[in-house]
Amino acid sequence: MSEDNIKSLKVKRSSRLSGFYRETPERRRKRLVESRWLAPEDAEACAGLGGFDEACADAMVENVIGLHGLPLGVALNFVVDGQDRLVPMAVEEPSIIAAASYAARLCAEGGGFSVTADGPITTAQVQLLDVPQLEAAEAALRAQTEALLAEANALLGNMCARGGGARELEVRVLDATTLVVHVHVDTRDAMGANLVNSLAEHLAPRLASLSGGRAGLKILTNLADRRKVYVRVKVPSAALASERFPDGAVVREAILEAQRFADLDPYRAVTHNKGVMNGVDAVLVACGNDWRAVEAGAHAYASRFGVYRPLTSWREGPEGALVGLLVMPLATSTVGGAARTHPGVQRALKLAGVTSAVDLAGLAGAAGLATNLAALKALSTEGIQKGHMALHARRVAAEVGAKGELVECVAERLSRERVYRPERAREILAEEVHRKGASR
Ligand code: MEV
């Protein structure tokens, strides 16, 4: 955990920044400085590609021919374990950051997100083939557990010094002649892929010899089910009410029907979970994490009972509140990889005040629960197109040159007319500018 991040968590700041969406990117950066979320030099460095250049890229991957940009935004209104947090999100899909911010505001009405998490355990697998006697092999491996863990920890000196290390050995039977050994390793703030892969390669000859078979693959599993995050929220039903749906209890029931649809139908559960991953992945990308690993683990976990199931559940809680829970494997890292080499990633972690890999997992999980709630609420009431089109109208208004309150004015008229062409936006803007001039 960096000193900056510890300091930033101690400063009391509000994650509510009203009218933020109406500002220009430059003005938004200024507001983050004014509200003490960003140091002036970090705000300046955020502009453009944020200091990420061809030399950084060339050191990261192969055959680089250029850079590929994505919008970086911040989701507002997040309160996580009683603390206001800004959530960096890098994503190409419109509405996701707005949806996360909107749902986080509803969740804040009930006290915000509560997060708990398993330890940061990453698991190595060693495949053992042609094992002549499974029971004898299992017994031999189990009898040597302590020695094998000691051997593992001798290799993981640095990780042990940081409080991590090999914790447990597990033997599983796959078929009549195949075993797999799992080595569960606490990798602290690292995702630990390289570390446990090296460990697996190191232990494989000894494991093979104990089993009487031969070693096959030696690699981590991305089904990180010992590295789960649990995020809970309680939204008072009154917070769910809107102008068109004045009874929050009716909205809650509609959301529960949407949950039931996902519970009953894998076709719906996949889309439900896509709405969760909208939030999770955007945070992971902004923070330079391996979102493919998390995606693979999430969907395997969702299918753990043999049927694909939603990663979140919503139910009615005390006093008619809507209560939500997300449980999913979420292996994250705040050290090594892009966290070391990508200046934008370092700033995103700082802006979010991320203190550890487990903390980052909680923040990504909170974002996932928020985007899921926003999607279910919109789908079960207004439909999602209304919100999408309102955002689209604002973008068109800004594109044709509307500034400040004129953005809202032009966007509202475009939405009313259900016409989103730039030519029409230009005409409306000219009329509004003329009207304002005349009324002065
Ligand atoms: C779109 O990116 C995500 C949704 O389809 C999620 C859902 O249906 O729950 C709106």
Side-chain angles (χ1 to χ4, degrees), residues 21 70-78 87-107 113 231-233 235 239-240 242 244-245 250-286 291-292 294-296 298-299 301-303 307-316 322-328 330 364-395 415 420:
Y21 68 93
L70 268 183
L72 171 70
V74 282
L76 308 179
N77 309 320
F78 274 74
V87 182
M89 296 177 112
V91 65
E92 86 298 343
E93 185 177 327
S95 305
I96 289 178
I97 300 174
S101 305
Y102 170 70
R105 187 157 58 76
L106 302 185
C107 294
F113 301 85
V231 186
R232 294 174 174 82
V233 283
V235 187
L240 297 169
S242 63
R244 264 196 70 200
F245 296 88
V250 169
V251 179
R252 182 198 62 226
E253 289 311 305
I255 292 172
L256 297 187
E257 281 174 8
Q259 173 71 42
R260 187 152 168 71
F261 184 9
D263 287 340
L264 293 173
D265 181 11
Y267 285 90
R268 172 57 207 156
V270 169
T271 322
H272 179 108
N273 288 346
K274 195 275 183 179
V276 173
M277 301 315 289
N278 275 344
V280 171
D281 285 346
V283 176
L284 296 178
V285 174
W291 51 272
R292 286 92 50 215
V294 172
E295 280 280 343
H299 301 299
Y301 185 72
S303 316
V307 183
Y308 191 91
R309 306 253 311 135
L311 293 165
T312 62
S313 60
W314 295 94
R315 63 177 178 81
E316 183 180 344
L322 176 70
V323 172
L325 171 67
L326 164 88
V327 184
M328 64 177 285
L330 230 162
L369 192 57
T371 47
N372 173 236
L373 171 60
L376 296 191
K377 181 170 183 290
L379 288 167
S380 61
T381 55
E382 317 255 5
I384 54 167
Q385 282 315 99
K386 188 169 174 246
H388 280 181
M389 293 321 282
L391 283 177
H392 181 56
R394 261 190 230 125
R395 252 188 313 273
S415 297
Y420 303 92

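Both counts, for ligands and for their atoms, begin at 1 and track the order of listing. In this text the structure is predicted, and so the values were computed from the model without any measurement.
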Minimum heavy-atom separation for [X] to [Y], with atom names?
{"X": "Ala370", "Y": "Phe113", "value": "CB-CZ, 4.0 Å"}
{"X": "Ala390", "Y": "Ser415", "value": "CA-OG, 4.1 Å"}
{"X": "Val231", "Y": "Leu369", "value": "O-CD2, 3.6 Å"}
{"X": "Thr371", "Y": "Gly279", "value": "OG1-N, 3.2 Å"}

Identify the protein heavy atom lying closest to atom 6 (C) of ligand 1, giving its residue, its atom name and the separation to 0.1 Å.
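Of every protein heavy atom, Thr271 O, 3.5 Å lies nearest to atom 6 (C) of ligand 1.
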Output the list of atoms in ligand 1 that are nearer than 4.0 Å to some heavy atom of [X], sorted by atom number.
{"X": "Lys274", "result": "1 (C), 2 (O)"}
{"X": "Gly275", "result": "6 (C)"}
{"X": "Arg268", "result": "7 (C), 8 (O), 9 (O)"}
{"X": "Glu93", "result": "1 (C), 2 (O)"}
{"X": "Asn278", "result": "1 (C), 2 (O), 3 (C)"}

Give the contacting part of Ile96 toward ligand 1: side chain, backbone, both or neither, where contact means a heavy-atom distance below 4.0 Å.
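For Ile96, no heavy atom sits under 4.0 Å from ligand 1.
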Relative to ligand 1, is Leu379 under 4.0 angstrom through side chain, backbone, both or neither, heavy atoms considered?
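Contact part for Leu379 vs ligand 1: side chain (C-beta onward).
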Met89 and side chain to side chain contact (heavy atoms under 4.5 Å, CB included): which single residue from Val283, Val74, Asn278 fits?
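Only one option passes, and that is Val283.
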Under 3.5 Å, is there a donor-acceptor pair between the side chain of Gln259 and the main chain of Thr312?
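A pair under 3.5 Å: yes.
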